[in-house]
Amino acid sequence: MCGIAGIYSHKSVANELYESVVHLQHRGTDAAGIMTYDDRMHKEKGMGLARDIFTQDNLSLLTGNIGISHNRYPTHGGFGHGEVQPVWTSVPYGIAIAHNGQITNYDELVEEVTKTEKRYLNTTSDTEVILHVFAEELNKNGNPETSEEFFDVLCDVVSTLFKKVRGAYSITALIVGKGLVVFRDPRGIRPLVRGERDNGNDGKDYIFASENTMFYSMGYESKGNVLPGELIFVDNEGKLFSKRLVKEEFNPCIFEYVYFARPDALLNDVGVYRSRLRMGQNLAFAWLDKYPDIKPDIVIPAPSTANTSALAFAHEIGVRYSEGLYKNPFVGRTFIMSGQEERKRSVRHKLVPQDTEIQDKKVLIVDDSIVRGNTSREIVRMVKDCGAKEVYFVSACPPIQHPCYYGVDMPTSEELIASKKTVDSIKEMLGVDILMYQDIDDLVEAVTRIGDHHIDNPCMACLDGHYVINGRKVHERIKD
Ligand code: SF4
């Protein structure tokens, strides 16, 4: 999972791209980068958090009113500086791209790019492959002069790319001398939203980003989504061209709503906060059905993604909601930290149980999901150490049984606790008195109940094993 943004503005974009990276920080803390251009490209990128990479001094060197940014959370490729996006190539024109997603035919495309087209790949990142497929197609398509001619060429280029590149990819790109290019894979697996702002001179500024979380503070108005299979081009003068090149089944990732997206985001016309409230509500209805005689004394969220679902859950079952685990906001998200030991250690650095809320109580913990199980087990241990009488654990997400090949770090079945163990044995492993998961249908209902959306068939491959790209088989793992 990553965060991307692209901005065309009437003024310098560097500070606004920095703000975008900060507002998308939850989508990747591994690295970040910004590229802009005026008469030439300017870039700044590095490892770690945005606030540690960018300074007023280095941002002042990123001149130009068109640019793109990236927050990195690696799912494909190594961890080196060379993999930090945006990545760029000088031929043709000078192209830089930022990518959110993961492609599933990486090996095949590497063969084509390096052997057939004799291009050099400097990293193992799938983004670099997409860049060269795009660049090669653009290079073959003559020398268009006007923006209209260039957009026609882009339509051909991206149509071909859609046929060649399989998997999940939302892309922002800049092309020197031409403008800003944005497209989203035909299944729309990863999100990409758009916004506009009057620039005060009868023109418009445009922003495209993984989430609309920065629109409010930057004065942009939400204008919906980049559609699956859609191409958008904003030329150097701010003229916008768009076309939906292909229409396939829409399969947005359901896990965005469970975990990744910020609660204030509106993705695919569904509010993430409201969908999490509904997840908690459906979970509560299932609890009341299954355990009508068991009432906890308090409901505690595993902070902080689960706060919203826990709030609704507590309300529906008529039990006090308590923030019985304090979360230190200055420690990174455990799920996107690399290394199992690091993740385990960080749980106790990050969460502190409050005796007054837990001791001698029947505690029900709501978590957003159980991926590997180690974080959940640590949380249960902490609550028990604090003197809880009984501990119940409910997950807003159904059992995650299969790896994700579309941009979320669920690398192997072996690491997914629900792929090998039954609910009863997970309950034993966690050491809880009751373990209950959300039902798949209830999760889908929670995401799709309200909103002017078109989500008929979200991707849930990690839950049900049905891979939406070309019938990909469950255990057909691509090489990292
Ligand atoms: Fe999202 Fe799961 Fe599909 Fe991956 S497999 S895109 S995490 S729903």
Side-chain angles (χ1 to χ4, degrees), residues 1-6 17 21 28-37 40-48 50 53-54 58 61-62 67-140 157-158 160-161 164-178 180-181 183 185 190 338 405 407 409 411 477-480:
M1 192 69 58
C2 296
I4 59 170
L17 284 167
V21 171
T29 53
D30 186 59
I34 294 175
M35 282 187 89
T36 63
Y37 86 80
R40 56 179 297 181
M41 289 218 201
H42 309 282
K43 69 169 188 289
E44 185 64 45
K45 52 188 187 176
M47 312 296 282
I53 299 165
F54 302 105
N58 61 33
L61 301 175
L62 303 176
I68 59 176
S69 68
H70 189 265
N71 296 77
R72 183 157 197 259
Y73 153 61
T75 52
H76 196 281
F79 286 82
H81 193 272
E83 272 85 6
V84 183
Q85 300 183 40
V87 293
W88 72 287
T89 183
S90 55
V91 179
Y93 306 109
I95 305 169
I97 74 166
H99 163 221
N100 174 205
Q102 186 176 352
I103 62 175
T104 57
N105 58 335
Y106 174 78
D107 291 345
E108 177 191 314
L109 291 173
V110 166
E111 186 88 358
E112 176 178 323
V113 166
T114 57
K115 302 236 165 90
T116 314
E117 289 156 5
K118 298 184 177 54
R119 284 174 170 263
Y120 169 66
L121 295 175
N122 198 41
T123 70
T124 53
S125 159
D126 55 356
T127 307
E128 200 185 6
V129 171
I130 299 175
L131 169 69
H132 284 290
V133 171
F134 180 76
E136 186 65 25
E137 290 304 318
L138 197 53
N139 209 21
K140 285 179 196 159
V157 166
V158 177
T160 305
L161 185 144
K164 286 187 173 181
V165 181
R166 296 203 299 272
Y169 45 98
S170 287
I171 301 282
T172 54
L174 54 84
I175 304 179
V176 173
K178 299 296 181 186
L180 180 68
V181 176
F183 53 89
D185 75 72
R190 300 262 73 88
S338 55
Y405 301 115
D409 184 20
R477 172 100 179 99
I478 56 174
K479 277 187 275 168
D480 280 338

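Computed from a predicted structure; not experimentally measured.
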Pairwise side-chain contact, Glu117 with His132, heavy-atom cut-off 4.5 Å (strictly under): no

Least distance between heavy atoms, Gly94 atom then Met41 atom: C-CE, 3.3 Å

Side-chain donor/acceptor of Asn100 to backbone N/O of Ile4, under 3.5 Å: no

Side-chain donor or acceptor of Tyr37 paired with backbone N/O of Ile175 under 3.5 Å: yes

Reported OH-to-CG distance for the pair Tyr93 and Leu138, which is rounded to 0.5 angstrom: 5.0 Å

Closest approach of Pro92 to Ala135 (non-hydrogen atoms, all atoms of both residues): CD-O, 3.4 Å

Gap separating the CG atom of Leu109 from the CD1 atom of Ile103, nearest 0.5 angstrom: 5.0 Å

Side-chain donor/acceptor of Ser170 to backbone N/O of Arg190, under 3.5 Å: yes

Any donor-acceptor pair under 3.5 Å from Tyr106 side chain to Val129 backbone: no

Any donor-acceptor N/O pair, Asn58 side chain to Ile53 backbone, under 3.5 Å: yes

Residue pair Tyr169 / Leu161, side-chain heavy-atom distance below 4.5 Å: yes

Beyond-backbone contact of Glu44 with Leu62, side-chain heavy atoms, under 4.5 angstrom: yes

From CA spacing to verdict: side-chain contact (heavy atoms from CB on, under 4.5 Å), Asn105, Lys164: CA-CA 9 Å; Asn105 58 335; Lys164 286 187 173 181; 5.7 Å; no

Under 3.5 Å side-chain donor-acceptor pair for Asn71 and Tyr73: no

Interatomic spacing from CZ in Arg119 to OG1 in Thr114 - rounded to 0.5 Å: 11.5 Å

Side chains of Val87 and Ile97 in contact at under 4.5 Å (non-hydrogen atoms): yes

Smallest separation among heavy atoms of Ser69 and Ala98, with atom names: O-CB, 3.6 Å

Backbone of His70 reached by a side-chain donor or acceptor of Gln85 within 3.5 Å: no

For the student: nearest non-hydrogen atoms of Pro86 and Ile34, plus distance: CD-N, 3.9 Å

Student check: side-chain heavy atoms of Glu136 and Glu112 closer than 4.5 Å: no

Contact summary for Leu174 and Met35, nearest pair of heavy atoms: CD2-O, 3.5 Å

Pairwise distance CG(Leu61) to NZ(Lys43) - rounded to 0.5 angstrom: 12.5 Å

Glu108 vs Arg166 side-chain heavy atoms within contact, under 4.5 Å: yes

